[in-house]
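Taking it in order: structure first as structure tokens, then the write-up.
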Amino acid sequence: MGGNFNRYLEKATSQLLLEPDWDSVLQIVDSIRMGDVQVKTALLGIKKKIGSENPHVAMFALQLLEACVKNCASTFHSEVATKEFMEFMKDQAKTRPDPVKEKVLELIQTWSHAFRNEPSYKAVEDTFHLLKMEGHKFPTLKEADAMFDAEKAPSWKDAETCTRCRVQFTVVQRKHHCRNCGEIFCKNCSSKTSTIPKLGFERQVRVCDSCYDKLHKTGSS
Ligand SMILES: O=P(O)(O)O[C@@H]1[C@H](O)[C@H](OP(=O)(O)O)[C@@H](O)[C@H](O)[C@H]1O
Ligand SMILES: [Zn+2]
Ligand SMILES: [Zn+2]
């Protein structure tokens with residue numbers, strides 16, 4: 001699978017392109033969402049292309065990064081919102097000429113707005129404020145660009161009894177977690193699986209009975 005990713009990355013950031021190769025971009029987004037390529041590996045590959053001396057390659061890589069942040073949900077966001085990656089983006093903003101510099105500033109501003117309620121993604125906001133303080137000119141924020149689903153999968157709770165039926169966990173009565181609410185359940189109360197696209201789970205993952213009903217409500221309006 002990784003091989004596919006690299007092939008599409010080369011295609012999506014080829015210096016011969018006159019405009020973005022959106023097919024390859026979508027293939028890359030899919031392979032990240034399906035878990036065919038590790039998020040860390042994908043971001044490392046994109047980062048190398050952003051750092052390319054060739055401004056066309058760098059721009060296509062930034063547009064690819066923008067699409068991945070918009071469509072790959074929280075697993076990808078948490079890799080982008082790290083101090084290391086934001087340090088890299090800050091350096092790009094300070095050392096590259098336009099249009100690369102302008103695109104980097106635009107992305108940092110958009111993400112800072114989109115992640116404004118996510119304390120664990122603070123590195124983005126810190127980078128935005130720092131560059132602002134240094135006097136870098138940011139383009140006008142387009143709210144629409146920041147309206148992607150930045151919802152994060154909930155962290156898993158721990159307890160000694162099932163959240164739903166209160167049965168005591170033992171060496172045979174094992175603990176299980178619902179990926180949608182993060183609560184802890186016995187096997188009986190979490191025997192269903194579901195995809196959870198809004199949290200980036202494209203494959204069937206374990207969910208508790210009430211989350212299953214919420215995710216699959218027939219929408220009886
Ligand atoms: O089977 P164990 O060795 O107890 O380990 C448990 C499984 O890994 C569960 O995965 P699952 O939710 O996919 O079942 C996880 O939710 C629990 O936290 C773990 O304690
Ligand atoms: Zn139970
Ligand atoms: Zn649940």
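Side chains are part of it too, since the values below use all heavy atoms of this structure and drop only hydrogens, waters and symmetry mates. Atoms within a ligand are numbered from 1 in the order they appear, just like the ligands themselves.
A 4.5 Å side-chain heavy-atom check between Glu134 and Lys94 finds at least one atom pair inside the cut-off. Residues Val205 and Thr195 fail the side-chain proximity criterion, which asks for heavy atoms closer than 4.5 Å. Put simply, the side chain of Val124 reaches to within 4.5 Å of the side chain of Met86, judged on heavy atoms.
Of the listed residues (His216, Lys214, Gln204), just one forms a side-chain hydrogen bond (donor to acceptor under 3.5 Å, both in side chains) with Ser194, and that residue is His216.
Rounded to 10°, the angle that SG of Cys165 and SG of Cys189 form at the Zn ion (ligand 2) is 110°. Remark: at the Zn ion (ligand 2), atom SG from Cys162 and atom SG from Cys186 enclose 120°, rounded to the nearest 10 degrees. Atoms SG of Cys208 and SG of Cys211, as seen from the Zn ion (ligand 3), are separated by an angle of 100°, to the nearest 10°.
The two atoms that bring His177 and Lys157 nearest to each other are NE2-O, 2.6 Å, heavy atoms only.
Close approach of ligand 1 to Arg179 (heavy-atom distance below 4.0 Å) involves ligand atoms 11 (P), 12 (O), 13 (O).
By the rule that hydrophobic residues join a cluster once side-chain heavy atoms approach within less than 4.5 Å of another member, Met89 and Leu141 end up as members of separate clusters.
Per-atom contact check: atom 5 (O) of ligand 1 does not touch the protein, criterion being a heavy-atom distance below 4.0 Å. Distance remark: protein heavy atom not present below 4.0 angstrom from atom 8 (O) of ligand 1.
In this structure, the protein non-hydrogen atom closest to atom 14 (O) of ligand 1 is His176 ND1, 2.6 Å. Taking atom 18 (O) of ligand 1 as the reference point, the nearest protein heavy-atom neighbour is His177 ND1, 2.9 Å. Here the protein heavy atom with the shortest distance to atom 19 (C) of ligand 1 is Lys175 O, 4.0 Å. Scanning the protein for heavy atoms near atom 2 (P) of ligand 1, the closest one is Arg174 NH2, 3.4 Å.
Atom NZ of Lys49 is separated from atom CG of Leu44 by 12.0 Å, given to the nearest 0.5 angstrom.
Residue Arg206 has at least one N or O atom closer than 3.5 Å to an N or O atom of ligand 1.
The aromatic rings of Phe128 and Phe138 stand perpendicular to each other, their planes meeting at an angle above 60°, with 30° marking the opposite boundary.
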